[in-house]
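Report on the structure given below.
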Amino acid sequence: MRPVEDVLADVAYDRFPHWWQRKVVWFWDDNLTINRPYIKELLARMVPLRRWWLTQASLDVAKDDELLDLMEASGCIGIFFGLETFTAESLATPQEAKPGAWYSEAIAKLHRRGIAVMAGFIAGFDGDTPRASNGWRTTSTPSPSTCLPERLDAFKGTPLYEEMVGDGRMLPSAVGSSTTATTSRSGRAR
């Protein structure tokens, strides 16, 4: 992690030709908020800089009201979240057993603070149905500000790829290359 002082110097930099380049900061980090003491210090010190900023994070930020307050005060205007799926059977952790309700509650908390939610979804998990794969269109309100649907890919060298090959769920011409899985365990086409 870079020292907070170094990050603040980058955020404060303002020798750009266009006003929006001086105003908007994108933190290119898969989960900027993972180290809570670090991010809380950074955001508290960013408040006087009056910037707008965006990043990627885990939706668990919605469980931390102090962090949400700092995000709002420091100028957060949007966060990308990999929400992945709407089906409980496709999620790995029990705390997310009811994704629709939890997603809606978390999105509402962010929206109340003026923070846009950019949500990434993946279609093609074994537990997915055609309805679940269109979940970004049917989620309960409030819904994400922007939805970015993707398909589940099984890349060579990953456990998913090996599982798909072992189960015979890859097109024969695709075995040995990065590709999309062809069918789920239940036989549904992908």
Side-chain angles (χ1 to χ4, degrees), residues 1-2 4 7-8 11 20 23-47 49-153 160 184 190:
M1 297 183 74
R2 294 180 60 215
V4 168
V7 177
L8 289 169
V11 171
W20 55 269
K23 183 71 174 175
V24 179
V25 175
W26 184 286
F27 289 102
W28 206 257
D29 188 309
D30 285 339
N31 191 349
L32 184 69
T33 63
I34 192 88
N35 183 324
R36 294 299 164 82
Y38 176 88
I39 193 60
K40 288 178 179 181
E41 177 186 352
L42 175 63
L43 297 182
R45 294 181 62 191
M46 278 179 53
V47 172
L49 298 176
R50 301 179 51 83
R51 297 291 196 263
W52 294 334
W53 63 272
L54 304 103
T55 195
Q56 294 176 213
S58 171
L59 198 57
D60 72 345
V61 298
K63 297 176 182 175
D64 187 336
D65 288 330
E66 178 188 8
L67 177 60
L68 290 175
D69 291 343
L70 283 167
M71 290 168 66
E72 180 182 9
S74 63
C76 182
I77 59 171
I79 303 179
F80 174 83
F81 297 103
L83 299 183
E84 315 312 344
T85 181
F86 279 89
T87 60
E89 48 281 4
S90 295
L91 291 169
T93 58
Q95 71 190 23
E96 296 177 305
K98 296 184 180 173
W102 161 235
Y103 292 169
S104 292
E105 176 186 327
I107 290 167
K109 287 181 86 170
L110 290 153
H111 283 176
R112 282 193 295 271
R113 288 174 168 80
I115 300 171
V117 173
M118 299 165 278
F121 298 99
I122 298 173
F125 289 104
D126 285 339
D128 287 353
T129 63
R131 179 174 159 81
S133 294
N134 287 315
W136 58 85
R137 292 186 201 137
T138 59
T139 185
S140 57
T141 54
S143 60
S145 310
T146 302
C147 293
L148 305 159
E150 293 290 335
R151 68 173 190 247
L152 179 65
D153 285 326
L160 177 62
S184 68
R190 305 268 196 193

What's the separation between atom [atom1] in [X] and atom [atom2] in [Y], rounded to the nearest 0.5 Å?
{"X": "I79", "Y": "S58", "atom1": "CD1", "atom2": "OG", "value": "10.0 Å"}
{"X": "I115", "Y": "L68", "atom1": "CD1", "atom2": "CG", "value": "6.0 Å"}
{"X": "L32", "Y": "F27", "atom1": "CG", "atom2": "CZ", "value": "6.0 Å"}
{"X": "T55", "Y": "M71", "atom1": "OG1", "atom2": "CE", "value": "8.5 Å"}

Point to revise | Stepwise salt bridge (Lys or Arg N to Asp or Glu O under 4.0 Å) check, K109 with E105 | key: CA-CA 6 Å; K109 287 181 86 170; E105 176 186 327; 5.6 Å; no

**Study point:** Where A62 and D65 come nearest, the two heavy atoms and their spacing
**Key:**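 Minimum heavy-atom separation between A62 and D65: O-OD1, 4.4 Å.
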
Point to revise | Pair Y103-L59, side-chain contact (heavy atoms from CB on, under 4.5 Å): steps then yes or no | key: CA-CA 8 Å; Y103 292 169; L59 198 57; 3.7 Å; yes

Exercise for review: Test side-chain contact (heavy atoms from CB on, under 4.5 Å) on V47 and L43 and set out the steps.
Suggested key: CA-CA 7 Å; V47 172; L43 297 182; over 6 Å; no

Check your understanding: Any salt bridge between D69 and K40, counting N to O under 4.0 Å?
Key -> no

**Study point:** Flag if over 12 foreign heavy atoms under 6.0 Å of CD1, I34
**Key:**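 Not more than 12 within 6.0 Å, no.
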
Practice item. I would like to know whether D60 and R36 meet salt bridge (Lys or Arg N to Asp or Glu O under 4.0 Å); could you show each step before the answer? Key: CA-CA 11 Å; D60 72 345; R36 294 299 164 82; 3.0 Å; yes

Point to revise | Any residue meeting side-chain contact (heavy atoms from CB on, under 4.5 Å) with W52, in chain and number order, not counting sequence neighbours | key: W19, K23, V24, I77

Review point. With side chains defined as the heavy atoms from C-beta onward, is the minimum distance between L160 and L152 less than 4.5 Å?
Key: yes

Check your understanding: Side-chain contact, heavy-atom cut-off 4.5 Å: I39 with L42?
Key ->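 Result yes, sub-4.5 Å side-chain heavy-atom pair found.
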
Ignoring hydrogens and geometry, is there a side-chain-to-backbone donor-acceptor pair from [X] to [Y] under 3.5 Å?
{"X": "Y38", "Y": "T33", "answer": "no"}
{"X": "R51", "Y": "L49", "answer": "yes"}
{"X": "S145", "Y": "V117", "answer": "yes"}

Practice item. Assess whether side-chain contact (heavy atoms from CB on, under 4.5 Å) is satisfied between F81 and I107, documenting all intermediate values. Key: CA-CA 10 Å; F81 297 103; I107 290 167; over 6 Å; no

Check your understanding: What pairs with F80 under ring-ring contact (aromatic ring centres under 6.0 Å, His included), at least two apart in sequence or on another chain?
Key ->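 Per chain and number, F80 pairs via ring-ring contact (aromatic ring centres under 6.0 Å, His included) with no residue.
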
Practice item. Show your reasoning for whether side-chain contact (heavy atoms from CB on, under 4.5 Å) applies to W53 and M46. Key: CA-CA 10 Å; W53 63 272; M46 278 179 53; 3.5 Å; yes

